[in-house]
Enquirer: 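I'd like to ask you about the structure that follows.
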Amino acid sequence: MPVSNPSFSHRLSAAVARCRNPVTVGLDPRWEQLPAVLTSGGGSASDRAVRAEIYATFCREILDVVHPLVPAVKPQMAFFEQLGPPGMTALANVIAYAHERDLLVILDGKRGDIGSTAEAYADAYLGANSPWQADALTVNPYLGDDSLEPFVTTARQRAAGLFVLVKTSNPGGATFQDLVADNRKLFRHVAEHVEHWAAQSADETGYGAVGAVTGATYVEELGELRQAMPHSWLLVPGYGSQGATAKDVAAAFDSNGQGAVVNNSRGIIFAHARREYAGRFAPDQWQRAVEAATREMIDQLRAETNVGRL
């Protein structure tokens, strides 16, 4: 049954317009790359509970910086799951803190399964009334239509969103995604299904509840997929540390600068270690490096893409 709450597409479009940029900050806490000021205060690095609390502190302090600047964040579940139950508690606290800061949360778990298992995943993660309260979730399409339909149904019922892996940013993605079937590469078949679901759920923004993960490291394919999926939000990884630039992601946006969000994880959250910022900010000023890197990305996107029209 349709819900009265604003759709995910509506909320994401409004957040992008409010911030005048589509930057999504990836929350990928890695112990070895954390600011020394957070890891040198005592406690054992092998103690998962200690590490989990430091991960939560690190992410909260990033959220304190970026929440006035960007529309969304993308916690990567693997780095929290790695710490077992304390890590999952930390993740739940980070999600709640992001919502308190009016940030949309795209939970990056790449879930996918069939039948009742897919229904359970969808019930667990999607929507404000779910245990994890994610605004959107990344999902894997490899098991086919019946593995995705429970996610689509739940997302539409709960005004949540999905991002289906279509053309990922990693080099090895081509191993399967570029295989040809019926004279088209596999990722184009997946894109067709995504667009079908997106068109069915499209709202006044022109976009639907089902979007696609489309890597910035494949510039030509990114442009092709924007044309092939006119009703689908694109989640674009690969910016920054993976080598993609603002010019590389320009084709992801519609003429109004909407329709895509661009993720940057390491390039922002570990900006304190980047050469251009390490010399500008003291070790205990790592949050200022995060802010500077975020603003730099925003400025680049505004200068090189239709984001400048927001």
Enquirer: Any Lys/Arg nitrogen of Asp135 or Arg11 sitting under 4.0 Å from an Asp/Glu carboxylate oxygen of the other?
Expert: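 Yes.
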Enquirer: Do the side chain of Ser130 and the main chain of Gly127 share a donor and acceptor less than 3.5 angstrom apart?
Expert: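 Confirmed, Ser130 side chain pairs with Gly127 backbone.
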Enquirer: For residues Asp254 and Asn306, determine if any side-chain heavy atom of one lies less than 4.5 Å from a side-chain heavy atom of the other.
Expert: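 Asp254 vs Asn306: side chains apart.
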Enquirer: Between Met88 and Trp132, does the side chain to side chain contact (heavy atoms under 4.5 Å, CB included) criterion hold? Intermediate values first, please.
Expert: CA-CA 10 Å; Met88 302 312 285; Trp132 287 101; 3.7 Å; yes
Enquirer: Given Trp31 and Ile54, is the side chain to side chain contact (heavy atoms under 4.5 Å, CB included) satisfied, shown in steps?
Expert: CA-CA 9 Å; Trp31 182 260; Ile54 291 173; 3.5 Å; yes
Enquirer: Test: salt bridge (charged side-chain N to carboxylate O under 4.0 Å, His left out). Region: residues 58-85. Which pairs qualify, not counting sequence neighbours?
Expert: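 Qualifying pairs: Glu53-Arg60, Asp64-Arg101, Lys74-Asp108, Glu81-Arg111.
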Enquirer: Are Ser147 and Asp113 close enough, and set up right, to give a side chain to side chain donor-acceptor pair (under 3.5 Å), and what steps lead you there?
Expert: CA-CA 5 Å; Ser147 73; Asp113 216 312; over 6 Å; no
Enquirer: Just checking, is any N or O donor in the side chain of Thr24 or Asn263 under 3.5 Å from an acceptor N or O on the other one?
Expert: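 No.
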Enquirer: Output, in order, the C-alpha distance, side-chain angles, deciding distance and verdict of side chain to side chain donor-acceptor pair (under 3.5 Å) for Gln242 and Thr217.
Expert: CA-CA 7 Å; Gln242 292 187 55; Thr217 48; 5.0 Å; no
Enquirer: Go through the structure and list residues passing salt bridge (Lys or Arg N to Asp or Glu O under 4.0 Å) with Glu149, not counting sequence neighbours.
Expert: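 Salt bridge (Lys or Arg N to Asp or Glu O under 4.0 Å) check on Glu149 returns nothing, list empty.
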Enquirer: Without hydrogens or angle criteria, can the side chains of Gln177 and Thr168 be said to hold a donor-acceptor pair below 3.5 Å?
Expert: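 Judged by distance alone, the side chains do pair up.
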Enquirer: Show me the pairs that pass ring-ring contact (aromatic ring centres under 6.0 Å, His included) and involve residues 49-74, at least two apart or across chains.
Expert: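 For residues 49-74, and leaving out neighbouring residues, the ring-ring contact (aromatic ring centres under 6.0 Å, His included) pairs sorted by first residue read Phe58-Phe270, Phe58-Trp286.
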Enquirer: Please report the C-alpha distance between Glu32 and Arg30 in whole Å, then the side-chain angles of each, then the deciding distance to 0.1 Å, and finally whether the salt bridge (charged side-chain N to carboxylate O under 4.0 Å, His left out) criterion is met.
Expert: CA-CA 6 Å; Glu32 297 78 10; Arg30 307 170 192 229; over 6 Å; no
Enquirer: Would you say Ser9 and Trp233 are linked by a side-chain donor-acceptor pair, where the criterion is simply a distance under 3.5 Å?
Expert: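 Present: a donor and an acceptor within the cut-off.
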Enquirer: For Leu103 and Leu63, run side chain to side chain contact (heavy atoms under 4.5 Å, CB included): C-alpha distance rounded to whole Å, both residues' side-chain angles, the deciding distance at 0.1 Å, then the answer.
Expert: CA-CA 9 Å; Leu103 287 159; Leu63 297 175; 3.7 Å; yes
Enquirer: Going through the distances and angles, do Leu235 and Ile106 end up as a side chain to side chain contact (heavy atoms under 4.5 Å, CB included)?
Expert: CA-CA 10 Å; Leu235 172 59; Ile106 302 170; 4.2 Å; yes
Enquirer: Nearest 0.5 angstrom please: Trp197 CH2 to Gln200 CD, how far?
Expert: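 It comes to 9.0 Å.
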Enquirer: Could you tell me whether a side-chain N or O of Arg226 sits under 3.5 Å from a main-chain N or O of Gly259, the two making a donor and an acceptor?
Expert: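 Answer holds: yes.
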Enquirer: Quick one: are Leu27 and Gln76 in side-chain contact, heavy atoms under 4.5 Å?
Expert: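 Leu27 vs Gln76: side chains apart.
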Enquirer: Side-chain contact, heavy-atom cut-off 4.5 Å: Glu119 with Thr154?
Expert: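 Side chain of Glu119 against side chain of Thr154, heavy atoms only: no contact under 4.5 Å found.
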Enquirer: Donor-acceptor pair, Arg266 side chain versus Ile269 backbone, under 3.5 Å?
Expert: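 No; zero donor-acceptor contacts below 3.5 Å.
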Enquirer: Do any N or O atoms from the side chain of Glu192 and from the backbone of His189 form a donor-acceptor pair under 3.5 angstrom?
Expert: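 Judged by distance alone, no pair lies under 3.5 Å.
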Enquirer: Just so I know, are the side chains of Gln287 and Pro35 near enough to count as touching, which here means a heavy-atom distance under 4.5 Å?
Expert: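 No, their side chains stay 4.5 Å or more apart.
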Enquirer: For the residue pair Tyr239 and Asp248, confirm or rule out a side-chain donor-acceptor distance under 3.5 Å.
Expert: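 No, no side-chain donor-acceptor pair sits under 3.5 Å.
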Enquirer: For residues Ser265 and Val25, determine if any side-chain heavy atom of one lies less than 4.5 Å from a side-chain heavy atom of the other.
Expert: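 Of all side-chain heavy-atom pairs linking Val25 with Ser265, none is under 4.5 Å.
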Enquirer: State the CD1-CD distance between Ile268 and Glu296, to the nearest 0.5 angstrom.
Expert: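 Answer rounded to 0.5 Å: 9.0 Å.
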Enquirer: So Thr39 and Arg51, do their side chains get closer than 4.5 Å, heavy atoms only?
Expert: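 Not touching, per the 4.5 Å side-chain cut-off.
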Enquirer: Between Glu195 (side chain only) and His231 (backbone N and O only), is there a donor and an acceptor less than 3.5 Å apart?
Expert: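 Judged by distance alone, yes, a pair lies under 3.5 Å.
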Enquirer: Measure the NE2-CZ distance between His272 and Arg288 for me, rounded to the nearest 0.5 Å.
Expert: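 With rounding to 0.5 Å, NE2 (His272) is 15.5 Å from CZ (Arg288).
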Enquirer: Look up atom CG in Leu137 and atom OH in Tyr125, then write down how far apart they are to the nearest 0.5 Å.
Expert: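 So the gap between those two atoms works out to 7.5 Å.
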Enquirer: Determine, for Arg280 against Glu276, whether the closest basic-nitrogen to carboxylate-oxygen distance falls under 4.0 angstrom.
Expert: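 Salt bridge: no.
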Enquirer: How long is the span from the OG1 atom in Thr245 to the CE atom in Met297, to the nearest 0.5 Å?
Expert: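 So the OG1 of Thr245 and the CE of Met297 are separated by 10.5 Å.
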Enquirer: Would you please say whether a donor-acceptor pair under 3.5 Å links the side chains of Ser13 and Gln258?
Expert: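 Ser13 vs Gln258: donor-acceptor pair found between side chains.
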Enquirer: Could you tell me whether the side chain of Arg158 reaches within less than 4.5 Å of the side chain of Asn5, counting heavy atoms only?
Expert: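 They are not in side-chain contact.
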Enquirer: So, do Thr138 and Leu107 sit near enough that their side-chain heavy atoms are less than 4.5 Å apart?
Expert: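 A side-chain contact is absent here, since even the closest heavy-atom pair is not under 4.5 Å.
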Enquirer: More than 12 non-hydrogen atoms from neighbouring residues, nucleotides or ligands closer than 6.0 Å to CG on Leu179, yes or no?
Expert: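 More than 12 heavy atoms, drawn from other residues, nucleotides or ligands, come within 6.0 Å of this atom.
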Enquirer: Could you state the interatomic distance from CE (Met77) to CG (Asp28), rounded to the nearest 0.5 Å?
Expert: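 Met77 CE to Asp28 CG: 13.0 Å, rounded to 0.5 Å.
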